[in-house]
Asker: 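Structure incoming, see below.
Numbers restart at 1 for each chain; the letters A, B, ... are given by sequence-line order, proteins then strands. Only this structure's heavy atoms are used, side chains among them; waters, hydrogens and symmetry mates stay out.
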Amino acid sequence: MFPTIDKNETFPARELAVGEFWREHDIYHKSLAAREGAPPFVFYEGPPTANGMPHPGHCLTRAIKDLFPRYKIMRGYRCERKAGWDTHGLPVEVEVCKELGIHSKEEIEAYGVEPFIHKCQQSVWRYMQEWRRLTERIGFWVDLDQAYVTYHQSYVESVWWSLKTLFDRGLLYRGHKIVWWWAQGGTALSSGEVGQGYREVADPSVYVKFPLMDDQGVDVGVSFLVWTTTPWTLPSNQFIAINPDLHYCNVFDEETKETLIIASDLVPAIESKIKRPLKIVNELDSDRLVGSRYRPPFDCYYDADSPSEWRVVAAEFVTTDSGSGIVHQAPAFGEVDYDVLVREQTKNPGKSTPKLINAVAPNGTFTEEGPDYCRGRWVKDCDKDIIRDLKSRGLLFHQEQYLHDYPFCWRAEEDPLIQYPRESWFIRTTEYKDQMLANNAKINWLPDHIKDGRFGKFLESNVDWALSRERYWGTPLPIWVCEETGKMEAVGSYEELIAKPQAAGIEVWEEAKAQSPDLPDDLRIHKPYIDSVTYESPYAKGARMRRVTEVIDCWYDSGAMPFAQWGYRGQESGAVKERFESQFPADFISEALDQTRGWFYSQLAISTLMFGKDESIESSLSPVPCPPYPHPFKNCIVLGLMLGEDGQKMSKSKRNYREPNEIFDRYGADALRWYLFANQPPWTSIRYSEDAIKDSIPEFLLRLWNVYSFFTIYANIDEFDPSVELKVDEADGSHKKENSERPAQMSTDTLSQAPSYRPIPERSELDRWILSDLNAACATVVERMDAYDNFGACQQITRFVDSLSNWYVRRSRDRFWAKDKRSTDKLDAYWTLYECLLTTTKLIAPFVPFLAERLWQDLAVALFQGETSGQSVAESVHLCDFPEGEGSVVDQALSEQMDLVRLISSLGRQARSAAELKVRQPLSKVEVILADTTHQAWLEEHAAVIAEELNVKTVEFSDEPEKYVDHEVVPNFKLLGPKLGKLMPKVKGILAKQSGSELLANVRDNGQIDLVVDGQQIALTAEEVEFRIQAKPGWTSANDKGVVVVLATEITPELLAEGWIKDLIRVVQDQRKEIGCEFTDRIKVGVVTECTELRTAIQQFLERIKQETLAVEIVFEPLVGVTPMSTKIGDASIELYLRVSS
RNA sequence: GGGCGCAUAGCUCAGUUGGUUAGAGCGCAGCCCUGAUAAGGCUGAGGUCCCAAGUUCGAGUCUUGGUGCGCCCA
């Protein structure tokens, strides 16, 4: 017996039970064990941060990460899934600061770095339970208990090892770089962080006069007109830049009687700004301007003897898009400005080399070196005073407001960022740009435009990775500096550190641990403890080596996970090395689009630098044999972003989405998964749509469930039990066993051992058809999934389940209702449907794992439990092999034929609907006209099916189609286009004008159509034209895809009577249900009516009514003690009495 | 300002190398079926495939230029 179905049980409730089953029986690990020794399929989990609540967008990531590993493991690969957590970084610090109600670095220091770090470590796990719950509830099989954690000592040390390797290869360097600086927070922001904070603001835009001087330093009465939007950087001016490719000229301002130098192209723009004309005096030689001296507006740093500063430099980046074509350069506050300084420094080595000028302190206020009225004030607040000052000294030419996008701190939204020079650590990624590009070219990106588009473009504009962060909670940068000489060393592990000569300071950690024994040991390698560890300098006697203060960008942490997840530190041998090498590179990763510059880049960069092919690296420094490209991942699905229900970014405060937990409780994880997998390719950005999730249930889950439910109801009634069917007949002695040692997966080779299981070719067409469709669907699903196309795979599955439900089961119903429980046809039907359900169960297992498991348990496991048949069945569907589709079962012709039957039925119904002839009313005949008669003979043999579907007595395939249809001849554009070219429209016109029937006859007789177009002889073969048919008006008909169905609409008295009987049967069936009959109950029926014709008809069809309604007796009088129901059959009123027969 | 992507029915989305009737689901309307019943089926209405120009015998699809939106970068 199959388990009976509890109709009140919900999908979510079933899922919870399945989840429990998986946990209890440890199915995930069993699925790995079953693939011991199998080829690996390597998956990397991009570590989420458990520092915030998961939302529906995370569900997509976690679902897709589950889908492919589940699929691959069923396909015979071994796919380990190690979970991971991203735990470091500014977001964690910000979270803790919020909690503590503090903001700046000063406040953190005042609070104490040590307790602050403890808080960070605790805060990391704040939403851990939610994340675990989401992960398990959505059915993401991943090893949470063996998760890698980026703050763990082994992880940090692995990162250290890689940094040491890069340092020793000269790829990790300290530089001076202009960074986006959050002055209030005292830290630089990564480009990603900066990008989040752009806002449109109005800033002052000023045009300032910089007087030109001769070589002796004497003003010549002409000024450069210089444009800037950051007046506060003017005191730190060091150069002005022009573009020698542009033209410059002297212009005379009549009003002020001044001569100014401006780019010629910009004169009109400036004239319109100041609303008065300027007189062009003469063109200037741009090249001769370069190197000329000027007087800067502030003399804070001015040194008339400097050979290179306060001179005009040439720069390509100067454009005529805005301003004056002459750009103020303050190298301290702009990246391109800084590059100019570096260039000038290179040109002027030695004593006279220009030094970086900077009148601003790290906290964003002017230093003592700035103008007196600015000192100690926030720079942006000084803009007005600086402008006033310039005006009073007659240096201001023009001033206005300028609207542009400017970055603010992404967490402290009121704080504008400034560009500011900081000492910072960099990874020399630019040196590996070409290798990264070569590597990228070999990665299979989905969608593929990421490769040369977003990601490729990003790589091409690669700049060195700014690695260091002047923060607290992160992987400490493992560089120790000699306090005496400034020489540096990288340290590769904690062990290595404390083994250094005269290492000291470890006791700081030990004391803290003694005081609070609960402190996780991993903290010993973090700030502030690690900062206190010093050792003897090998470079200067008596000097100590001290660690630099910075931590590193947490993107480096996550990008290092391919090796750091195993704690790999270049081990020459052993388990760790084996783990790493066997799990590198990844076959598959997937994250959302926002990771392009995040995890996708950090992984690729680190991997290419560490393990890429590079002849210049000594082999001892290249820790693993260079893997073949691509690495560290071969296939990457870049997921679209999920927006909220209103199309806006998902936001808690807007409440434009539902908590994942609520989705699971209402609709279930499978409904959500199916919605995510089956509705669009995964890289489409979608709106969260509750209705679409809900729709997965009737559209797919419930439809399949109903088929399953139908099957078990009748299998139980008929006592069709595969475990009994498969029971080996002892007397027979033919004790068959599966060859494999694995438990049975209930595929064809197992099922076919049952004596009642007939070979497929011997079964009815319907059975062969659905099994053909099933196997074709399997093959396509495999093909699509191997190409990482879950959407295409799901479409196949949907199509198949529709065929199964809306054609196979519907068409087979009376086979299941047949009396003889053991008839060959009935057993065939059961075996066919059973096999379809089992295979579908496996087919859907990666997509909707909960439903699949439940079906498997009920359809397979439950039957064989406690059986002594010698059969053992796979404990879980997820331990089965994925069905690949058996080619020999696929019958292409049969599929086409059945499609035609379905099309004809559909057209017939359409015609009926147009003529308002309900299906219950029998009609005498339909005529079918086919444009393509390939399958006509077959269809004629199967006319009964069509007759039944359309409730007609006969189906005829008209031999005089001209009666019903017009032929239209259309050129086959695809074939004729290249051949005819410009003649095409004319040929089309000629064909349309001629009689279709004649042309058809032409083709039949001569095999071709001869035309004369523009005096040219043209012969069209049968293939080069397409005959379309169109129903002639005047008939009740419908046509589509070369098929016309014509309905005979005359209703004879016989047909009418039969229609009544159909109506009556339906009413009786309704009433059966009304009084709560079991499916097998026999009934007694009483019909009371005035209408003699109806009574006659009932007499006439008595046996049929009895059979279909399981009635033992039908009488024309009331049944005693039964409440009748009143209804109408045709025009006749009847009283219907019905009761269960004793 | 630059890069990338998107724009198709009321809504959510498909649409293969360009080929002549542009599809699905939901929603809406009408009908049917119900011995699968939190069901199921059929039919209909609903489209300037964002706009413009171009390439082509032929453009939802290719090119260019706009417009709008999103993401990334400045």
Side-chain angles (χ1 to χ4, degrees), chain A residues 5 7-11 180 191-192 194-196 198 319 321-322 335 404-407 447 449-450 452-458 460-461 592-594 596-597 640-641 643 647-649 675 678-681 683-689 691-692 694-700 702-703 705-714 717 791-792 795 798 805-806 809-810 813-814 816-817 905-906 908-914 916 918-920 970-988 1026 1028 1038 1040-1041 1066 1069-1070 1072-1073 1077-1081 1108-1110:
Chain A
I5 294 163
K7 280 176 187 156
N8 296 318
E9 198 183 26
T10 63
F11 280 112
W180 279 109
S191 54
V194 175
Q196 288 180 54
Y198 273 89
T319 67
D321 291 345
S322 54
E335 218 173 324
H404 65 150
D405 286 332
Y406 195 84
H449 60 70
I450 299 286
D452 296 321
R454 186 176 279 234
F455 197 70
K457 288 279 185 330
F458 172 65
E460 273 162 24
S461 58
L593 187 64
D594 53 3
T596 312
R597 286 150 170 86
L641 299 169
L643 300 171
Q648 306 284 309
K649 211 169 185 173
Y675 157 69
N679 277 297
Q680 61 282 312
W683 46 83
T684 310
S685 283
I686 49 170
R687 287 190 190 190
Y688 168 79
S689 162
D691 282 340
K694 193 157 88 186
D695 286 343
S696 304
I697 297 174
E699 275 173 28
F700 181 71
L702 189 56
R703 183 176 290 181
W705 183 261
N706 281 339
V707 175
Y708 153 74
S709 154
F710 175 91
F711 170 78
T712 55
I713 286 170
Y714 289 102
I717 290 172
F791 178 56
Q795 284 179 320
T798 305
S805 166
N806 289 330
V809 169
R810 199 157 66 80
R813 269 192 276 215
D814 48 8
F816 293 103
W817 301 337
S905 304
S906 169
R909 275 191 292 267
Q910 197 177 320
R912 270 184 173 274
S913 162
E916 294 186 327
K918 54 188 179 182
V919 180
R920 220 180 293 132
V970 190
N972 181 332
F973 290 94
K974 204 164 189 173
L975 285 178
L976 284 176
K979 180 173 157 186
L980 296 179
K982 295 195 176 182
L983 293 176
M984 198 78 211
K986 290 185 176 166
V987 171
K988 184 187 177 188
E1026 186 189 334
R1028 291 200 189 146
D1040 189 28
K1041 296 173 187 162
R1066 198 213 62 193
Q1069 302 289 30
D1070 272 356
R1072 273 185 70 108
K1073 204 160 116 190
C1077 282
E1078 291 296 317
F1079 299 143
T1080 48
D1081 282 344
E1108 290 200 24
T1109 61
L1110 296 186

Asker: May I have the distance from Q795(A) (atom CD) to rA14(B) (atom P), rounded to whole angstrom?
Answerer: 10 Å
Asker: Measure CZ/R597(A) against P/rG5(B) and give the value in whole Å, please.
Answerer: 13 Å
Asker: Between V707(A) and L641(A), who's closer to the 5' end of RNA chain B by nearest nucleotide?
Answerer: V707(A)
Asker: Let me spell it out: for each of G453(A) and Y708(A), pick the nucleotide of RNA chain B with the closest heavy atom. Which residue's pick is nearer the 5' end?
Answerer: G453(A)
Asker: Considering only atom P, compute the distance from rG1(B) to rG65(B) and round it to an integer number of Å.
Answerer: 16 Å
Asker: Rounded to whole angstrom, note down the P distance from rC71(B) over to rC13(B).
Answerer: 15 Å
Asker: Nucleotide by nucleotide, 5' to 3', does protein get under 4.0 Å of the base (B), only the sugar-phosphate (S), or neither (-) in nucleotides 17-24 of chain B, counting heavy atoms?
Answerer: B-BBB---
Asker: Mind listing the closest non-hydrogen atom pair of Y675(A) and A692(A) along with its distance?
Answerer: CE1-CB, 3.3 Å
Asker: Find every protein N or O atom lying less than 3.5 Å from an N or O atom of nucleotides 59-65 of chain B, and list the pairs.
Answerer:
none

Asker: Hey, could you give me the CD/OG1 distance between Q795(A) and T798(A), rounded to the nearest 0.5 Å?
Answerer: 7.5 Å
Asker: If I pick the C1' atom on rU43(B) and the same atom on rU8(B), what distance separates them, to the nearest angstrom?
Answerer: 24 Å
Asker: Taking only N and O in the side chain of R813(A), is any of them less than 4.0 Å away from OP1 or OP2 of rA36(B)?
Answerer: yes
Asker: Which residues satisfy the salt bridge (charged side-chain N to carboxylate O under 4.0 Å, His left out) test with K457(A), sequence neighbours excluded?
Answerer: none
Asker: Checking all strands, does T596(A) fall into the base, sugar-phosphate, or nothing category for heavy-atom contacts under 4.0 angstrom?
Answerer: nothing
Asker: Choose from rA14(B), rC26(B), rC4(B) the nucleotide whose nearest atom is closest to any side-chain atom of D695(A).
Answerer: rC26(B)
Asker: Check the angle between the aromatic planes of F710(A) and F816(A) and answer parallel, tilted or perpendicular using the 30° and 60° thresholds.
Answerer: perpendicular
Asker: Taking atom P in both rC31(B) and rU17(B), compute the distance separating them and give it to the nearest angstrom.
Answerer: 44 Å
Asker: Just by modelled atom types, is the I450(A) backbone N or O under 3.5 Å from a matching donor or acceptor in the R454(A) side chain?
Answerer: no
Asker: Go through the steps to decide whether D691(A) and K694(A) satisfy the test side chain to side chain contact (heavy atoms under 4.5 Å, CB included), and finish with yes or no.
Answerer: CA-CA 5 Å; D691(A) 282 340; K694(A) 193 157 88 186; 4.0 Å; yes
Asker: Could you run down the sub-3.5 Å N/O contacts of the protein with nucleotides 8-12 of chain B?
Answerer:
{"from": "rU12(B)", "atom 1": "OP1", "to": "R687(A)", "atom 2": "NH1", "distance (Å)": "3.0"}

Asker: For the P atoms, the ones on rU56(B) and on rC50(B), what distance do you get once it is rounded to whole angstrom?
Answerer: 23 Å
Asker: Roughly how far, to the nearest 0.5 Å, is the CH2 atom of W705(A) from the CD1 atom of I697(A)?
Answerer: 12.5 Å
Asker: Over how many whole Å does the gap from D452(A) atom CG to rC4(B) atom C1' extend?
Answerer: 12 Å
Asker: Given that both pair distances must be under 3.5 Å and the pair must be Watson-Crick or G-U, what runs of three or more consecutive pairs involve RNA chain B?
Answerer: B:1-7 with B:67-73, B:10-13 with B:23-26, B:28-32 with B:40-44, B:50-54 with B:62-66
Asker: Using a heavy-atom cut-off of 4.0 Å across all strands, would you classify P971(A) as base, sugar-phosphate, or nothing?
Answerer: nothing
Asker: Separation of K457(A) atom NZ from rC4(B) atom P, in whole Å?
Answerer: 4 Å
Asker: Between rG3(B), rA38(B), rA36(B), which nucleotide gets closest to the side-chain atoms of R454(A)?
Answerer: rG3(B)
Asker: At under 4.0 Å between heavy atoms, what does W817(A) touch on the DNA or RNA strands: base, sugar-phosphate, or nothing?
Answerer: base
Asker: Could you state the CZ-P distance from F11(A) to rA38(B), rounded to the nearest angstrom?
Answerer: 11 Å
Asker: Please give the distance between the P atoms of rC6(B) and rU16(B) as a whole number of Å.
Answerer: 12 Å
Asker: For nucleotides 39-41 of chain B, list the nitrogen or oxygen atoms of the protein found under 3.5 Å from its nitrogen or oxygen atoms, one pair per line.
Answerer:
{"from": "rA39(B)", "atom 1": "O2'", "to": "N706(A)", "atom 2": "ND2", "distance (Å)": "2.4"}
{"from": "rG40(B)", "atom 1": "OP1", "to": "P698(A)", "atom 2": "O", "distance (Å)": "3.4"}
{"from": "rG41(B)", "atom 1": "OP1", "to": "R703(A)", "atom 2": "NH2", "distance (Å)": "2.9"}
{"from": "rG41(B)", "atom 1": "OP1", "to": "N806(A)", "atom 2": "ND2", "distance (Å)": "3.2"}

Asker: Can you tell me how far C1' in rC26(B) sits from the matching atom in rU64(B), rounded to whole Å?
Answerer: 38 Å
Asker: Write down the distance between CG (L983(A)) and C1' (rG58(B)), rounded to a whole number of angstrom.
Answerer: 14 Å
Asker: Does the side chain of L702(A) come within less than 4.5 Å of F11(A)'s, by heavy atoms?
Answerer: yes
Asker: Given rC71(B), rA36(B), rC26(B), identify the nucleotide with an atom nearest to the side chain of L593(A).
Answerer: rC71(B)
Asker: Answer yes or no: is there a side-chain heavy-atom contact under 4.5 Å between L976(A) and L983(A)?
Answerer: no
Asker: Within the distance-only criterion (no hydrogens, no angle test), does the side chain of S685(A) pair as donor or acceptor with the backbone N or O of L641(A) below 3.5 angstrom?
Answerer: yes
Asker: Between rA38(B) and rC32(B), how far apart are the two P atoms, rounded to whole Å?
Answerer: 22 Å
Asker: Can you see which heavy atom on Y708(A) is nearest to which on I5(A), and at what distance?
Answerer: CE2-CD1, 3.4 Å
Asker: Does T684(A) make a side-chain N or O approach to OP1 or OP2 of rA14(B) shorter than 4.0 Å?
Answerer: yes
Asker: Taking only N and O in the side chain of S906(A), is any of them less than 4.0 Å away from OP1 or OP2 of rU43(B)?
Answerer: yes
